[in-house]
Amino acid sequence: MSKKELSSGTQKAENLTRKNTTKKTTAKKNVTKSASSTGAKKTTRSNVSKTNNTNNNVKTSGKSKAKSDKKIAKQKAISAKKAAREQKKIQAMKIRAEKKQRRLEKKLEAKQKRLDRIEASKQARAERKEKRRERRDMLKHESKEARIERKQEERRARVEAHVAKREAALAEKRAKREHRLKVRAERRAAKNDKRHAPGFGGWLAAVISLGVTTLALGTMLTFGWLNMNGMEAQMSTMHTESVYELNSIVDNLDTNLAKARISNSQNEQVKLLSQIAIESEMAEVILERLPFETQLTENLTSFVNKMGDSAQSMLYSVARGETLTDSQIATIEHMYRTNLELKKMINELCANCTEKDMISAMKGNTDSFVYSSFDNIQNTTIETPKEIHDGPFAENIDKVTAKNLEGLGEITASRAEELAREYFNDYKLNDVRCTGETSAEQLTLYNIVLTTDDGEMTAQLSKLGGKVVEFNSYKDCNDKNFSVERCIDIAEDFLEELGFDDMKAVWTSENGSTCNLNFAYEDDDVIFYSDIIKVKVCEERGIVTGMEGLSYVLNHIEREAPSPTISTSEAQEKLNQNFEVETSRLCVIPSNGEEVFCYEFMGTYDGSTYYIYVDAKTGEEVEVFTVIGTAQGKALM
């Protein structure tokens with residue numbers, strides 16, 4: 001082996017040894033460096049971790065504090081809301097308590113007012129009764145000459161008071177007129193001062209304005225004339241159709257009444273009587289629509305109304321399983337025959353009625369065919385048998401002179417308006433006007449129209465003395481808020497306001513929500529049936545909606561009741577032994593144009609109610625009525 005190769009091999013070994021040594025040194029250095037770097041890293045990481053932990057702790061504490069503040073704020077807000085709600089509830093409770101207190105106070109106040117009114121009414125009624133008692137006592141002990149002198153003195157006092165009142169009204173009217181004339185003169189003088197002579201332009205404008213006004217007025221009058229003609233024709237057609245409807249209903253009534261005469265089946269009688277009751281009510285509605293005065297259709301309306309009530313009364317009897325009595329069968333026969341006569345007349349009217357005739361009748365022409373036809377029907381005898389539903393002697397108008405108005409002076413239309421305003425002041429009148437005069441039963445009456453917020457009412461006042469003969473308000477009544485006893489009190493107060501004293505309720509009948517009452521004059525516990533006044537009270541509002549006092553005006557005079565010759569027990573012995581007497585009293589009744597002093601016995605026989613009148617002097621039976629009731633039942637006093 002050469003030196004060169006040895007040296008190179010040695011050199012390689014040395015180089016290899018150096019390399020290994022270098023590697024180890026490098027590795028140690030690297031290990032040391034790595035360790036140092038790892039330590040440094042660890043130290044750095046530790047520091048960073050500490051820093052991070054510190055930061056995290058700071059952040060966590062900040063968040064916790066913020067969260068706590070937020071929670072506290074939220075709790076405060078909730079507490080505030082709760083407090084607000086509690087405050088609101090307290091306020092609402094306070095308001096409710098105040099409202100309740102106010103309602104209670106109002107209720108107590110209204111109750112107190114009602115009690116005060118009732119007490120005042122009782123006090124006033126007691127005072128009126130005391131005055132009537134004193135007056136009766138005075139009349140008992142007053143001589144005829146003293147009575148005549150007292151009446152003359154009272155009449156002179158009334159005349160003087162009326163004259164004084166009239167003079168005061170004339171003086172006031174004269175002063176107002178003078179004041180108006182003075183103001184008008186001052187205004188005219190002021191205008192004359194300001195007025196200047198008009199130029200050509202002003203004159204031309206005035207001429208043009210006058211021309212336009214004249215043209216417009218002419219157009220309005222022409223159109224109004226055409227429009228009135230159209231309305232007149234339309235109204236005529238409507239009323240003609242009403243007559244045809246009435247004719248159809250009367251035909252149906254004829255058929256049903258003819259069947260009811262011979263029917264003996266309960267089911268068939270129920271059906272027929274129901275149809276008769278319904279058709280009677282329809283006929284009454286149509287009669288009210290016709291453009292005639294009530295006097296022209298009064299008897300026809302009364303017959304139709306009573307026919308419907310009789311049919312309903314019989315219907316109730318049949319529905320209860322009862323058979324029709326001989327009296328009820330006679331009533332059906334009478335209704336059939338009367339309706340048959342009406343059918344002939346109304347059929348003839350429909351066959352010959354023209355639009356021209358209807359328009360003439362609407363204008364009040366008594367020579368028209370329509371008017372004369374209804375006048376013939378009115379003059380036909382339409383009466384019901386002596387079965388009553390409207391009270392004993394309710395249709396008593398036999399006298400031809402108004403006894404109650406004798407010696408009284410005539411009043412003017414303006415005075416009638418003043419009296420009507422005084423009589424019906426409680427109805428809160430807006431306007432009162434007289435629309436003309438009417439003559440009936442030897443009476444001349446003023447027709448008065450009374451306007452209220454609820455509509456119009458009508459009244460008729462006698463030209464002699466200005467007494468109320470009839471009153472109607474046509475107000476609907478649907479509910480029942482007042483008892484019959486309260487309605488009697490209301491009607492008594494109403495009659496006393498109109499000047500009708502010493503009136504006693506002798507008959508009451510309820511029709512739905514309306515109470516129909518008959519009052520008769522009473523003196524020393526004796527009823528005078530000649531002096532009847534009918535009153536209708538609305539049981540919903542507690543006001544009088546109708547009144548008719550023609551019998552009273554025609555018959556009433558101050559008279560003393562006679563003394564009976566026989567006793568009550570002696571008179572009762574004259575009655576049928578099976579008649580059960582419930583009440584009895586003395587009365588004066590109209591009979592054949594005269595007044596008869598009688599005992600009135602009300603009682604029952606075989607399930608029916610009767611009124612029997614026995615002469616208090618001779619013991620003879622004078623009148624017998626059987627009560628057939630109304631659609632809503634009956635009540636007696």
Side-chain angles (χ1 to χ4, degrees), residues 106-140 142 150-151 153-154 157-158 161-162 165 404 418-429 432 450 452 457 459 461 465-469 471 473 475 480-508 514-528 531-549 552-553 556 558 637:
K106 285 184 179 179
K107 192 174 181 180
L108 291 173
E109 185 180 354
K111 184 177 181 181
Q112 187 60 41
K113 286 183 178 179
R114 187 167 62 254
L115 293 174
D116 292 342
R117 285 198 302 271
I118 293 172
E119 185 62 30
S121 178
K122 288 181 179 178
Q123 184 68 23
R125 194 176 294 112
E127 291 176 358
R128 288 194 295 268
K129 286 183 179 179
E130 182 63 24
K131 287 181 180 178
R132 288 197 297 267
R133 189 187 63 77
E134 292 176 356
R135 186 169 177 270
R136 282 196 296 267
D137 293 341
M138 179 191 69
L139 292 174
K140 282 181 182 179
E142 188 179 32
R150 177 177 56 81
K151 286 187 176 181
E153 186 64 31
E154 289 176 355
R158 285 198 298 270
H162 176 67
K165 186 176 179 181
N404 189 236
E418 293 176 5
L419 288 173
R421 191 177 291 278
E422 293 175 7
Y423 290 145
F424 304 103
N425 185 49
D426 292 341
Y427 288 80
K428 298 179 181 179
L429 304 177
V432 177
L450 313 165
T452 67
M457 305 184 297
L461 273 64
K467 291 203 172 186
V468 178
V469 178
F471 164 69
S473 67
K475 293 182 182 296
K480 181 175 179 178
N481 300 323
F482 292 82
S483 64
V484 174
E485 292 75 14
R486 185 71 184 107
C487 290
I488 292 174
D489 292 339
I490 293 169
E492 284 180 350
D493 293 340
F494 176 82
L495 291 177
E496 287 179 0
E497 288 292 331
L498 300 186
F500 299 108
D501 296 326
D502 300 322
M503 304 300 293
K504 181 178 179 62
V506 294
W507 176 274
T508 70
T514 301
C515 185
N516 299 298
L517 305 164
N518 286 357
F519 285 83
Y521 176 69
E522 181 186 34
D523 185 29
D524 287 339
D525 297 325
V526 177
I527 301 296
F528 289 82
D531 307 351
I532 284 280
I533 298 179
K534 303 177 189 177
V535 182
K536 184 167 61 176
V537 180
C538 174
E539 293 179 331
E540 178 183 2
R541 298 184 180 88
I543 60 172
V544 174
T545 56
M547 171 264 180
E548 191 268 299
Y552 183 95
V553 172
H556 177 68
E558 289 188 5
M637 293 195 64

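You'll find the side chain of V544 reaches within 4.5 Å of the side chain of I490, heavy atoms only. A heavy-atom distance below 4.5 Å is found between the side chains of K111 and L115. Side-chain contact between T508 and I488 is present, with at least one heavy-atom pair separated by less than 4.5 Å. When side chains are defined from C-beta on, E522 does not count as touching F528, because their heavy atoms never get closer than 4.5 Å. Counting heavy atoms from C-beta outward, N481 and E539 have side chains that stay 4.5 Å or more apart. With a 4.5 Å cut-off on side-chain heavy atoms, K129 and R133 do not count as touching. Taking the side chain as every heavy atom from C-beta outward, L419 and L461 approach each other to under 4.5 Å. Side-chain contact between N516 and K536: present, with at least one pair of heavy atoms (C-beta onward) separated by less than 4.5 Å.
At most 12 non-hydrogen atoms from other residues, nucleotides or ligands lie less than 6.0 angstrom from CD of E497.
Atoms CG and NZ, from D531 and K504 in turn, are 15.5 Å apart once rounded to the nearest 0.5 Å. To the nearest 0.5 Å, atom NZ of residue K480 and atom SG of residue C515 are 8.0 Å apart. The line from CZ of R125 to CD of Q123 is 11.0 Å long, rounded to the nearest 0.5 Å. Here the straight-line distance linking atom CG of D493 with atom CG of L498 works out to 11.0 Å at 0.5 Å rounding. Interatomic distance, NZ of K106 versus CD of E109, reported as 9.0 Å (0.5 Å rounding).
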task: In sequence, state the C-alpha distance, the side-chain angles, and the governing distance for V468 and M547, and then conclude on side chain to side chain contact (heavy atoms under 4.5 Å, CB included).
output: CA-CA 9 Å; V468 178; M547 171 264 180; 3.8 Å; yes
- prompt: Would T545 and F471 satisfy side chain to side chain contact (heavy atoms under 4.5 Å, CB included), going step by step from the backbone distance to the final call?
  reply: CA-CA 8 Å; T545 56; F471 164 69; 5.8 Å; no
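Shown here for F519 and L517, the closest heavy-atom pair between the two residues is CE1-CB, 3.7 Å. Here the shortest heavy-atom pairing between Y521 and D501 reads CD1-O, 4.0 Å. The two residues A459 and F424 come nearest to each other via the heavy atoms CB-CE1, 4.0 Å. The two residues A491 and V535 make their nearest non-hydrogen contact at CB-CG1, 3.8 Å. The heavy-atom pair separating L429 from A420 by the smallest distance is CD1-O, 4.2 Å. Contact record, F500 with M503: O-CG, 3.7 Å, taken as the closest heavy-atom pair.
Using a cutoff of 4.0 Å between basic side-chain nitrogens and carboxylate oxygens, K131 and E127 are not scored as salt-bridged.
Under the rule for a salt bridge (Lys or Arg N to Asp or Glu O under 4.0 Å), R421 has no partner lying at least two apart in sequence or in another chain. The salt bridge (Lys or Arg N to Asp or Glu O under 4.0 Å) check on E558 picks up R135, K151, with sequence neighbours excluded. Taking the disulfide bond (SG atoms under 2.5 Å apart) definition, one finds that C487 meets it with nothing, sequence neighbours left out.
Note: Y552 and H556 have parallel aromatic rings, judged against thresholds of 30 and 60 degrees for the angle between ring planes. Relative orientation of the Y427 and F494 rings is perpendicular, given thresholds of 30° and 60° on the angle between their planes.
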